[in-house]
**Q** 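Below: one structure in structure tokens.
Chain naming here is simple, since letters A, B, ... match the order of the sequence lines and numbering starts at 1 in each.
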Amino acid sequence: DAKTTQPTSMDCAEGRAANLPCNHSTISGNEYVYWYRQIHSQGPQYIIHGLKNNETNEMASLIITEDRKSSTLILPHATLRDTAVYYCIVRIQGGSEKLVFGKGTKLTVNP
Amino acid sequence: GAVVSQHPSRVICKSGTSVKIECRSLDFQATTMFWYRQFPKKSLMLMATSNEGSKATYEQGVEKDKFLINHASLTLSTLTVTSAHPEDSSFYICSARDQGLAVHFGPGTRLLVL
């Protein structure tokens with residue numbers, strides 16, 4: 001089972017910041033938080049990941065709370081092409097390194 | 001960046017036939033690949049973990065004789081849906097883990113069984 005909970009859907013206006021929350025209250029100390037997104041009928045696309053510090057790359061920023069029980073993915077200036085399902089995943093450590101997907105958040109960016 | 005390809009991108013077959021889907025890591029070696037299935041408006045469901053040179057590890061409820069997985073090289077894993085039936089129609093997605101432990105996803109294969 002997925003170890004994260006996310007809102008089912010969110011809306012955002014084009015050009016505004018999209019803040020997508022994720023709860024992972026049972027995360028272990030050596031587990032990372034990963035974010036992927038899936039645009040309709042495509043494979044998932046990696047966005048960003050982090051352990052405890054906030055992270056930023058060209059796509060997004062990841063804010064992880066100090067207790068690591070939740071995080072927020074921030075798309076600073078959402079565009080219509082950011083409409084997708086966003087998955088927050090806690091990476092299971094171990095030899096298989098498998099990623100287990102929850103239901104994700106369907107983000108709709110409106111013009 | 002690391003690229004994973006899948007072939008074919010979509011396939012239509014008759015009920016009872018077998019279908020092979022290929023997953024390739026194009027610019028990196030992947031000792032581990034993963035196969036997922038996704039039904040419409042649902043999340044990805046992990047089917048199995050494919051390890052190069054050894055038998056695949058299947059998730060609970062996934063029939064290993066139905067979904068044959070072969071990981072013959074460091075850049076290729078194949079999923080064969082044997083004796084396909086309409087309920088096997090789905091979006092099949094593979095992913096591959098690179099040596100830096102990052103996981104990269106393929107574009108998916110849409111299977112329609114008539």
**Q** Side chain, backbone, both or neither: which part of Leu46(B) has a heavy atom under 4.5 Å from chain A?
**A**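 Just its side chain gets close to chain A.
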**Q** For the interface with chain A, which of Lys42(B), Met45(B), Gln38(B) has the highest count of heavy-atom pairs at distances below 4.5 Å?
**A**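 So the answer, after comparing Lys42(B), Met45(B), Gln38(B), is Gln38(B).
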**Q** Check for me whether Arg110(B) meets the cation-pi criterion with Phe91(B), that is, NZ or CZ under 6.0 Å from the six-membered ring centre and within 45 degrees of the ring axis.
**A**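 Yes, cation above the ring, under 6.0 Å and within 45°.
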**Q** For Glu31(A), is there an ion pair with Lys3(A) - N to carboxylate O distance below 4.0 angstrom?
**A**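 The answer is yes: the pair qualifies as a salt bridge.
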**Q** With a 4.5 angstrom heavy-atom cut-off, could you sort out which part of Gln45(A) is near chain B: side chain, backbone, both or neither?
**A**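 When you check distances to chain B, no heavy atom of Gln45(A) falls under 4.5 Å.
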**Q** Do the rings of Tyr36(A) and Tyr46(A) sit parallel, tilted or perpendicular, given the 30° and 60° boundaries?
**A**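 The rings of Tyr36(A) and Tyr46(A) stand perpendicular, inter-plane angle above 60°.
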**Q** Which region of Glu59(B), side chain (C-beta onward) or backbone (N, CA, C, O), has a non-hydrogen atom less than 4.5 Å from a non-hydrogen atom of chain A, or is it both or neither?
**A**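 For Glu59(B), the contact with chain A is made by the side chain alone.
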**Q** Check ring pair (Phe, Tyr, Trp, His ring centres under 6.0 Å) between Tyr87(A) and all other residues, then give those that pass, not counting sequence neighbours.
**A**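 Ring pair (Phe, Tyr, Trp, His ring centres under 6.0 Å) list for Tyr87(A), sorted by chain: Phe101(A).
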